[in-house]
Protein chains: 2
Amino acid sequence: MSGNETIQKSTISSTEPDIQSNSLKAGIRQKKELQILEAAEKVFSEFGYHGATTQMIADGAGVPKANLHYYFPTKLVLYRRIIDQIFSIWLDAAQSFDENSDPVQALSSYIDKKMQISRSHPHGSRIWANEIMQGAPIIQDYLETTLREWTNSRIAIIQGWIDRGLIDPVDPRHLLYMIWSVTQHYADFAHQIDTLNGGKPLSTSQWGNACENVKKIILAGIGAKGVDIK
Amino acid sequence: MSGNETIQKSTISSTEPDIQSNSLKAGIRQKKELQILEAAEKVFSEFGYHGATTQMIADGAGVPKANLHYYFPTKLVLYRRIIDQIFSIWLDAAQSFDENSDPVQALSSYIDKKMQISRSHPHGSRIWANEIMQGAPIIQDYLETTLREWTNSRIAIIQGWIDRGLIDPVDPRHLLYMIWSVTQHYADFAHQIDTLNGGKPLSTSQWGNACENVKKIILAGIGAKGVDIK
DNA sequence: GTCTATAGAATGATAGAC
DNA sequence: GTCTATCATTCTATAGAC
């Protein structure tokens with residue numbers, strides 16, 4: 001299942017000679033594709049892959065259903081494009097977690113970024129969650145390669161902190177899972193959180209408060225030295 | 001939405017005079033219903049409401065599809081029954097969090113129970129997560145009534161601990177969210193966790209380790225006095 | 001490049017024989 | 001109480017006019 005689906009990054013053929021008309025068409029295509037991708041992200045996150053219909057996505061993007069199939073041949077190809085997009089955002093954020101920082105800096109920054117993503121890309125987070133809960137039928141290969149490697153490298157870094165006495169001896173893996181789960185909870189369970197907030201989305205200051213609480217509890221929880229996050 | 005759906009606990013009419021045959025039929029019905037409910041829980045958790053087909057559920061339960069419709073008139077009624085079941089389990093576990101215990105006792109016990117549920121009822125946890133991510137189309141009333149009341153009462157208890165100096169001043173609401181998210185993560189993202197565990201489910205000792213880490217970090221994170229969880 | 005109309009397949013639910 | 005056969009609906013995807 002991992003290798004038999006080619007990602008078509010550009011269907012604009014390089015064999016087409018008319019550059020002028022080509023770039024114009026490319027502009028239209030790019031704009032429409034973006035509209036469709038944005039609509040699809042919302043619909044997939046709200047109804048899941050099976051619950052989403054191409055009709056809903058087409059309506060959300062403001063194009064006829066047949067037009068959608070012109071840009072994305074199948075529903076599955078569209079879904080894969082969105083998953084790829086999300087995974088890319090996750091990985092970019094994860095880069096901040098680098099070996100040169102001390103634990104407080106590294107973890108504070110990582111938690112901040114993950115909370116920001118939960119606020120700016122809640123749909124993506126939910127699609128990811130949905131995909132995992134269904135056994136990752138589409139992205140299993142990502143889990144087994146990229147995610148596993150990233151996870152192991154971060155575990156090594158955390159273990160290094162423990163060995164140098166910078167944080168308490170906790171299981172690095174479960175510390176990572178805690179950070180993932182708590183930060184993504186604010187995206188995945190946003191509806192529940194909003195309902196318990198009187199039916200309103202969290203305000204900017206409420207988001208800030210959530211973020212501070214998460215950082216405080218986790219950093220204090222692992223005995224990180226020199227805690228100064230305010 | 002809260003009161004217009006009667007739960008049919010027993011469709012065996014009390015006007016039926018033949019007691020012997022009646023209880024026999026009730027036994028068959030109960031057994032079949034249980035088979036169907038168990039199969040449905042698995043299928044709904046794996047594919048979501050829309051992705052699940054009555055055919056899959058019927059196959060999983062070992063009954064013909066038409067037979068399934070004999071016991072549960074519609075797919076939606078079957079789904080509601082399962083959601084009710086899950087919500088009931090959550091609430092029961094939540095009772096352990098009572099006012100008389102000290103923070104360490106209360107929170108340790110609560111986290112233990114939530115972790116146990118994640119291991120014993122992962123399907124239920126995922127169905128709940130799925131339902132919330134889709135905007136709680138079926139259980140919105142539960143969120144606005146029972147869950148809100150329970151949450152507010154626990155927030156008051158935690159605030160009491162803070163006022164008495166038993167734990168650090170954290171936002172009780174976000175502490176609850178942290179406990180929910182971390183514990184449920186081990187059910188909702190079990191596939192990801194298993195993949196990162198070499199493709200194998202966590203062993204009993206690995207579950208114990210996860211539970212201890214969660215308790216340690218959270219209790220230390222809120223400065224709970226007298227931490228003694230091992 | 002856009003859109004109407006529709007083909008083809010899958011699904012929820014039911015009828016009716018046993 | 002069980003099960004085969006089938007209806008009615010819905011959905012993905014495509015054909016073909018503009």
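Computed from a predicted model, the values in this text were never measured in an experiment. All chains are named by letter (A, B, ...) in the order of the sequence lines, taking the proteins before the strands, and each is independently numbered beginning at 1.
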Visitor: Go through the side-chain N and O atoms of Gln116(B) and His121(B) and say whether any donor and acceptor fall under 3.5 Å apart.
Guide: no

Visitor: Starting at atom NZ of Lys75(B), determine the distance to atom C1' of dA10(C), rounded to an integer number of angstrom.
Guide: 12 Å

Visitor: Check for me whether the distance between the ring centres of Tyr79(B) and His50(B) falls short of 6.0 Å.
Guide: no

Visitor: Measure the distance from CG on Leu68(A) to C1' on dG1(C) and round it to the nearest whole Å.
Guide: 14 Å

Visitor: Looking at the rings of Trp180(A) and Phe189(B), which for Trp means the six-membered one, are their centres under 6.0 Å apart?
Guide: no

Visitor: Rounding to a whole Å, what distance do you find between Gln55(A):CD and dT14(D):P?
Guide: 16 Å

Visitor: Which protein N or O atoms sit under 3.5 Å from an N or O of nucleotides 2-6 of chain D?
Guide:
{"residue": "dT2(D)", "atom": "OP2", "partner": "Asn67(B)", "partner atom": "OD1", "Å": "3.4"}
{"residue": "dT2(D)", "atom": "OP2", "partner": "Tyr71(B)", "partner atom": "OH", "Å": "2.8"}

Visitor: OP1 or OP2 of dG12(C) sitting under 4.0 Å from any side-chain N/O of Thr54(B)?
Guide: yes

Visitor: Quickly, which of Ser181(B), Ser118(B), Ser125(B) forms a side-chain hydrogen bond (donor to acceptor under 3.5 Å, both in side chains) with Asp188(B)? Name it, please.
Guide: Ser125(B)

Visitor: Measure from CG on Leu76(B) to P on dG12(C) and round the result to the nearest Å.
Guide: 12 Å

Visitor: Just to confirm, is there a sub-4.0 Å distance from OP1 or OP2 of dT14(C) to any side-chain nitrogen or oxygen of His69(B)?
Guide: no

Visitor: Which whole-number value in Å describes the distance from Phe47(A) CZ to dT12(D) P?
Guide: 12 Å

Visitor: Between P on dG1(C) and CD on Gln30(A), what's the gap in Å once rounded to a whole number?
Guide: 12 Å

Visitor: Rounding to an integer number of Å, can you tell me how far Phe72(B) CZ sits from dG12(C) C1'?
Guide: 16 Å

Visitor: When you measure from the side chain of Asn213(B) to the backbone of His174(A), do you find a donor-acceptor pair of N or O atoms at a distance under 3.5 Å?
Guide: no

Visitor: How is Ala52(B) classified with respect to the nucleic acid when contacts are heavy atoms under 4.0 Å: base, sugar-phosphate, or nothing?
Guide: sugar-phosphate

Visitor: Under 4.5 Å between any side-chain heavy atoms of Ile193(A) and His185(A), yes or no?
Guide: yes

Visitor: Do NZ/NE/NH1/NH2 and the carboxylate oxygens of Asp59(A) and Lys65(A) come within less than 4.0 Å?
Guide: no

Visitor: To the nearest Å, give me how far apart OH (Tyr79(B)) and C1' (dT11(C)) are.
Guide: 18 Å

